[in-house]
There are 2 protein chains.
Amino acid sequence: MIDKTLIEHSQAACDALSADDDGLKRDVLTHAGNRWSLGIVHTLGVAGKLRHAEIGRRMSGVTQRMLTRTLRQLERDGLVIRHDYREMPPRVEYELSPLGYGLLTQMIPLWMWVIENADGFRAARERFGDAEADDE
Amino acid sequence: MIDKTLIEHSQAACDALSADDDGLKRDVLTHAGNRWSLGIVHTLGVAGKLRHAEIGRRMSGVTQRMLTRTLRQLERDGLVIRHDYREMPPRVEYELSPLGYGLLTQMIPLWMWVIENADGFRAARERFGDAEADDE
DNA sequence: CAGTATCCTTGCGGATACTG
DNA sequence: CAGTATCCGCAAGGATACTG
């Protein structure tokens, strides 16, 4: 059975939050859910400051296009800082902003929870994946 | 300046997590980032058990199509439980699963952080939104 | 009431080729 | 090296109409 106080606590917290912009939260999660965003934030969080190509090297599968796109997105979101040294050949480095580090920090407990409950998610997938996966 | 120990703590935690499936985390966030997922989870978390139409009434803007789609998605993800009473006229109720309540709980600190840092996000938007919003 | 069935637009993500 | 420029397929999201 579920802890009732947990639910009530959630209620109180959610009510307080509902007053603010609900779209902002979804916005952040939408961008965070994009294919490469989490990986880049994670990589920059671990490595500190990296060049464009170096990020690409550490994240197998990403194309230059998507890397640039995602980095620009993260920059617009204020999570990543871009340093263009205006040299020839070009040298550009990316690093997490304080906001980016903050997000990374906030994400960690969530990630751990997801992994702890991976079985639960997979179980749900199997229950429904076989039955009605084909119609979507 | 940013707390260095924070970064190192993040590093350690992230390294531990990287070993596991990175796609799963992104998967959860992708679904959570979908247009109506958060709102539904929040609504069900606060209200408990609701009928299809009642959810729609509490979330202005959602169409029946998207409501059904999102609910089905959440059901497949194991976050929401669907009760079909097989009556006529139809009566179907939705409620959060334990996993759903768990996710909601995990989300709350993240949401609070997002709202606390809303100024930071908006500031970033304004800095870049004006300059290069037109080319995307 | 609780959905499906269509049709449409938008944006993500990828492949490939090119440029300063 | 750090990008752009084009091309494409796919899925999210929305509008509208219909059904058991």
Kindly say if [X] contacts the phosphate of [N], meaning a side-chain N or O under 4.0 Å from OP1 or OP2.
{"X": "A/W36", "N": "C/dC12", "result": "no"}
{"X": "A/Y94", "N": "D/dG3", "result": "yes"}
{"X": "B/R82", "N": "C/dG3", "result": "yes"}

What is the separation between atom [atom1] on [X] and atom [atom2] on [N], rounded to the nearest whole Å?
{"X": "A/L29", "N": "C/dC12", "atom1": "CG", "atom2": "P", "result": "16 Å"}
{"X": "A/R86", "N": "D/dG3", "atom1": "CZ", "atom2": "P", "result": "11 Å"}
{"X": "A/L38", "N": "C/dG13", "atom1": "CG", "atom2": "P", "result": "11 Å"}
{"X": "B/Q73", "N": "D/dA11", "atom1": "CD", "atom2": "P", "result": "12 Å"}
{"X": "B/D27", "N": "D/dA11", "atom1": "CG", "atom2": "P", "result": "14 Å"}
{"X": "B/E93", "N": "C/dC1", "atom1": "CD", "atom2": "C1'", "result": "13 Å"}

Any sub-3.5 Å donor-acceptor pair from A/T43's side-chain atoms to A/I55's backbone N or O? no
Scan residues 49-61 of chain A against DNA chain D and write down, sorted by residue number, each residue with any heavy atom closer than 4.0 Å; if none is found, say none. A/R51, A/H52, A/A53, A/R57
So what's the dot-bracket for DNA chain C: Watson-Crick or G-U pairs under 3.5 Å, [ ] if a pair crosses, | if it pairs off-strand? ||||||||||||||||||||
Reference residue A/H83; test side-chain hydrogen bond (donor to acceptor under 3.5 Å, both in side chains); the match among A/E95, A/E93, A/R51, A/R91: A/E95
Please list each protein N or O that sits under 3.5 Å from an N or O in nucleotides 4-11 of chain C, with the distance.
| from | atom 1 | to | atom 2 | distance (Å) |
| --- | --- | --- | --- | --- |
| C/dT4 | OP1 | B/R72 | NH2 | 3.0 |

Between B/Y94 and B/R82, is there a side-chain donor-acceptor contact under 3.5 Å, judged purely by atom types and distance? yes
Closest to side chain of B/P90, choosing from C/dC1, D/dG14, D/dG3: C/dC1
Between D/dG13, C/dG13, C/dA15, which nucleotide gets closest to the side-chain atoms of B/N34? D/dG13
Closest non-hydrogen atoms of B/D77 and A/F121, given as atom of the first, atom of the second and distance, are O-CD2, 3.5 Å
